[in-house]
Every structure is written in C-alpha cells, then in structure tokens.
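No hydrogens, no waters, no symmetry mates; every other heavy atom, side chains included, goes into these values.
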Amino acid sequence: MVKLDETDIKILEQLQVDGRKTIKAMADELHLTTTPVFERVKRLEKEGIIKQYVALLNPKRLELNLTVFISISLTKHSRSQLEKFIKEISAYKEVMECYHIAGNFDFLLKIVVKGMKDYESFILTKLSTITNLGQVQSSFVLSENIHSTAFKL
C-alpha cells in the first residue's frame with residue numbers, strides 16, 4: 001500500500017478533474033515550485049497510482065444514446081472458459097466495461113450503442129455467437145443520475 005500525504009492527494013484530486021492541468025498550474029494552487037510537483041506526479045505514475053490519462057467523450061454528442069447493462073451466465077466455468085469469454089467479449093467495440101462478478105450471474109457488461117436496432121444487432125450477431133453463453137439478462141438505462149470517474153480521496 002502506497003502512503004499518500006496531503007499534497008499527493010491534492011495533486012490527484014486536481015488531475016482527476018483536469019488531466020491536462022499543467023505542473024505549473026498545480027504548483028501555483030499548492031503554493032509550491034514546479035520541481036517538487038513534477039517529481040510527485042512522476043512518482044505517482046511510477047507507483048501505478050496514476051494509471052493513464054484520457055479524454056472523456058460525451059456519448060450523446062456521438063449519437064450513442066443507449067446504455068445497457070447485460071448480466072451473463074456461462075455454461076462452463078473453468079479458468080480457460082472464463083478467459084476465452086473475456087477475450088471474445090473484448091473484441092466488441094460496444095463493450096465499455098466487463099466485470100467478473102459473484103452472485104446469480106458470472107459477468108456484468110456495460111455496452112453503449114446508438115439505439116435499440118444496434119443493441120439488437122449486437123445481441124444477434126456478436127453476443128449470441130459465443131458458444132459458452134448461458135443465461136443473458138439486459139437492463140436498459142433510463143437516465144444517468146450519478147456518473148463519476150474521480151475517486152474521493
């Protein structure tokens with residue numbers, strides 16, 4: 001476990017809000033010079049706390065209007081079958097997230113598509129071709145009430 005001090009936490013909070021924030025801007029807000037802030041950011045990257053920097057796109061502006069959570073049970077549960085499923089599902093651009101879960105289902109997928117026709121196409125031409133597929137249950141998002149990519153530190 002990596003020990004984070006108050007300055008580390010403030011840097012991480014700033015970067016979670018704006019990953020393009022400059023070292024100088026962070027240093028100014030923290031009342032530090034740029035060198036210690038730069039060194040801390042590099043350390044946080046090296047230690048794997050900062051995993052990557054990304055641009056978050058607005059799905060609505062890309063006409064991706066339908067978010068679906070799909071719960072999936074597999075018929076076989078060996079490690080090789082689980083790995084095969086993950087590899088197959090990873091090839092589909094519609095799949096934004098995939099979780100191996102405990103409970104009534106084996107996996108939870110989050111897919112984003114333009115609409116119902118694209119969802120139907122995904123189910124019929126992609127998901128249904130997976131040989132180890134058992135039960136499938138879909139839940140459609142009516143509205144997004146809380147969405148965050150930032151961890152509260």
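Atom CD of residue E63 and atom CG of residue D118 lie 10.5 Å apart, to the nearest 0.5 angstrom. To the nearest 0.5 Å, the span separating CD on E6 from CD on E13 amounts to 9.5 Å. With values rounded to the nearest 0.5 angstrom, K60 atom NZ is found 8.0 Å from N58 atom CG.
At a threshold of 4.5 Å between side-chain heavy atoms, the hydrophobic network of Ile, Leu, Val, Met, Phe, Trp and Tyr places L153 and V37 in one connected group. Taking hydrophobic clusters as Ile, Leu, Val, Met, Phe, Trp and Tyr residues chained together by side-chain heavy-atom distances below 4.5 Å, V112 does not share a cluster with V141. Both M96 and L57 sit in one connected hydrophobic cluster of ILVMFWY residues. Membership requires side-chain heavy atoms under 4.5 Å apart, directly or through other members.
Scanning for side-chain contact (heavy atoms from CB on, under 4.5 Å) contacts around L4 gives V2, D8, I9, L12, L44, I49, with sequence neighbours left out. A search for salt bridge (charged side-chain N to carboxylate O under 4.0 Å, His left out) contacts involving E120 returns nothing, not counting sequence neighbours. For T7, the side-chain contact (heavy atoms from CB on, under 4.5 Å) partners are D5, I11, L30, L32, R40, not counting sequence neighbours.
Between the side chains of H77 and D106, a donor-acceptor pair is found at a separation under 3.5 Å. For the residue pair T33/T35, the side-chain donor-acceptor check at 3.5 Å is not satisfied.
Contact record, S143 with N145: OG-OD1, 3.4 Å, taken as the closest heavy-atom pair. Considering all non-hydrogen atoms of both residues, K76 and N132 come closest at N-OD1, 2.8 Å. The nearest pair of heavy atoms linking V54 to Q52 is CG1-NE2, 3.0 Å. Heavy-atom minimum distance, H147 versus E144: CB-OE2, 3.0 Å.
Salt bridge absent: K126 and E88 never bring a charged side-chain N and a carboxylate O closer than 4.0 Å.
Listed by first then second residue, pairs satisfying ring pair (Phe, Tyr, Trp, His ring centres under 6.0 Å) with a partner in residues 9-63 number zero, not counting sequence neighbours.
The environment of NZ in K10 is sparse: at most 12 heavy-atom neighbours from other residues, nucleotides or ligands sit within 6.0 Å.
Taking the side chain as every heavy atom from C-beta outward, E39 and R43 never approach each other to under 4.5 Å.
Hydrophobic side-chain contacts under 4.5 Å tie L142 to no other Ile, Leu, Val, Met, Phe, Trp or Tyr residue. Its side chain within the 4.5 Å cluster rule, F140 clusters with L66, V68, I70, I72, L74, L82, F85, I86, I89, Y92, V95, F107, L109, I111, V113, M116, Y119, F122, I123, L127, I130, L133, V136 among the Ile, Leu, Val, Met, Phe, Trp and Tyr residues.
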